[in-house]
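One structure below.
Just so you know, residue 1 is the first one in the sequence shown, and it goes up from there. Both counts, for ligands and for their atoms, begin at 1 and track the order of listing.
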Amino acid sequence: MAGPLKLSALPLDPRRVWKLNNVLFSVVFSNLSLIPIGVSLLRYRYWTMRGSPDFFPDIHYNPKRPINKLDVFLPQEPTSVTASKLYRRNTESEGDVRLLKPVVVFIYGGAWSSGSKWMYTLMGARLRSMGYVVIVPDYSIYPDGKIKDMEQDVKMAIQWAHKNCENFGGDPNRLYIMGHSAGAHLCALTVLNDSIQRIPVSLFGSSPAAISASPILDSLLSEPLLRDDKDVLPRLRGMILCSGVYEIGEHFKHETMRGVEEISAMARVMGNSEATFRMHSPTNVLQELLQVSTRIDRNYPTESQTRHQHLLRRLKSLLPVETLVVHGDVDRTVPVKSSSEFFMELKTLQMGSGVRLRIMQGMAHEEPVVALMPCSARNAPFKQPLMDEISQFIVNEKLLPN
Ligand SMILES: *[C@@H]1O[C@H](CO)[C@@H](O)[C@H](O)[C@H]1NC(C)=O
């Protein structure tokens, strides 16, 4: 598995060649069907938003990797007052905070090796039309970066959003992240990693042996970085995860079945071993967390119980208040099982009331983003259901528990 790509070194297995052609063909075919979206994208990016006071492109957010920038879209206002004027006035007078809008940071997918914020301008257009401040960052994709770099970029983009969104009329207490495919994986992993590193080791039980028996927790908890409260993520109101990969090992098997594991960057991005696959799999991280924390010390059963409850409470207070998991049941790129299993783990952790799984019948992998991109020449049956799902999720005005 390791090492650089050498397709020429592979035996010319006719089955593999057929599979590969099949994949290439479907990519080209789906691209053809995306031409109207391409036209719409060019028109929006270079015509509608060009010089618009509601659009702030190419802002640096990570001094260590200045090549990655983000775009900010102000919410579209139906009124005659332009949004930017309204918001500037709003933040200057620091008076009427009711005008602050929810903020959505959108992390695109692209198999950890492709994609750009430019391509998702229409996603920004859709979300801003729904009344949100939208932030779309570029992050380090393979081969410029591997999973650690990606996680760090996502984290810094979220921190940037929290620190700066008020200048754009966004409410830092209503910060949402939304990800699609590999982007959903990055959102879930970044948030989980941050949360677990902030749980005091003592809550995992007195014996360090239990933790070191779990390679995932051992590695997560041995990171000294997050013990002080400086580098942490802000509390998120919600996380919207669409068509995501949550178990790298399972997905690698799926890629192998499709014959694309050699051209996919995933294994290289994640570190090319079963252990690093597990370490970067939100589903496995949750499984191990449960296993270790529910281990009952036979000499102190009540204490073990209490400790377990404390751990869950602590975790709950760190994870996003609510999570929405969306997946199409005919997704062939990432089977729906990925989402349903991740959801089950979240529920087992008693995150039940704050987690919602929405399986959309007949929806394919790209639809959650493609259907949302405004394009009059394309019929998108999932547009309305997706918009309803998102706006119901974000409108929900539950107060942050302290
Ligand atoms: C967790 O985050 C730290 C940085 O805060 C990083 O060094 C580490 O690689 C991450 N671990 C995983 C498993 O993602």
Side-chain angles (χ1 to χ4, degrees), residues 61-65 68 105 107 109 111-113 137 139-163 177 179 181-201 203-204 211-236 239 241 244-252 265-293 314-315 318-320 323 338 342 345-346 349:
Y61 68 93
N62 182 351
K64 283 205 203 112
R65 276 188 285 275
N68 296 324
V105 179
I107 308 296
W112 303 274
S113 56
Y139 56 89
S140 308
I141 53 180
Y142 188 81
D144 293 331
K146 293 194 182 175
I147 186 67
K148 270 191 177 205
D149 310 296
M150 299 178 196
E151 264 189 75
Q152 201 181 45
D153 285 337
V154 169
K155 187 168 167 174
M156 293 194 75
I158 297 171
Q159 287 169 331
W160 185 94
H162 186 250
K163 221 171 120 201
I177 57 172
S181 192
H185 167 260
L186 291 174
C187 288
L189 183 65
T190 307
V191 163
L192 264 181
N193 187 357
D194 177 87
S195 304
I196 292 177
Q197 287 182 57
R198 290 159 69 187
I199 298 178
V201 181
L203 284 187
F204 286 92
I211 292 174
S212 55
S214 151
I216 298 182
L217 291 181
D218 194 37
S219 79
L220 282 172
L221 293 167
S222 61
E223 291 283 348
L225 285 173
L226 293 187
R227 292 293 159 68
D228 56 34
D229 257 14
K230 270 187 229 132
D231 192 33
V232 299
L233 278 180
R235 181 84 197 274
L236 295 168
M239 177 156 78
L241 305 171
V245 175
Y246 308 107
E247 204 172 340
I248 302 297
E250 283 301 305
H251 194 64
F252 188 75
M266 184 183 74
R268 275 159 286 226
V269 168
M270 304 301 164
N272 257 333
S273 77
E274 209 173 300
T276 54
F277 280 6
R278 282 181 66 78
M279 197 176 290
H280 296 113
S281 299
T283 302
N284 298 145
V285 172
L286 290 181
Q287 281 163 347
E288 250 174 65
L289 181 77
L290 260 168
Q291 244 172 40
V292 170
S293 75
R314 182 86 177 115
L315 190 65
L318 294 167
L319 289 176
T323 298
S338 170
F342 179 55
E345 295 304 328
L346 278 172
L349 274 175

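Between Asp231 and ligand 1, no N or O atom pair is found at a separation short of 3.5 Å.
Considering Asn193, Val285, Ile196, Asp149 only, the shortest heavy-atom separation from atom 12 (C) of ligand 1 involves Asn193.
With a 4.5 Å cut-off on side-chain heavy atoms, Met150 and Val269 count as touching.
For ligand 1 and Met279, the ligand atoms under 4.0 Å from any heavy atom of the residue are 13 (C). Distances below 4.0 Å separate heavy atoms of His280 from the following atoms of ligand 1: 12 (C), 13 (C), 14 (O). Here is the list of ligand 1 atoms found below 4.0 Å of a heavy atom in Gln197: 1 (C), 2 (O), 3 (C), 5 (O).
Looking at Lys148 against ligand 1, only its side chain comes within 4.0 Å, counting heavy atoms. Contacts between Gln152 and ligand 1, counted as non-hydrogen atom pairs separated by less than 4.0 Å, are absent for every part of the residue.
A donor and an acceptor atom, one from each side chain of Asn284 and Gln287, are located under 3.5 Å apart. If you check the side chains of Asn193 and Gln197, you find a donor sitting under 3.5 Å from an acceptor.
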Trace of the side-chain contact (heavy atoms from CB on, under 4.5 Å) decision for Asp231 with Lys155: CA-CA 9 Å; Asp231 192 33; Lys155 187 168 167 174; 3.5 Å; yes

Apply the test side chain to side chain donor-acceptor pair (under 3.5 Å) to residues Asn68 and Asp153: give CA-CA distance (whole Å), side-chain angles for both, the deciding distance (0.1 Å), then the verdict. CA-CA 8 Å; Asn68 296 324; Asp153 285 337; 3.1 Å; yes

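Formation of a donor-acceptor pair under 3.5 Å by the Ser195 side chain with backbone atoms of Leu315 is not found in this model.
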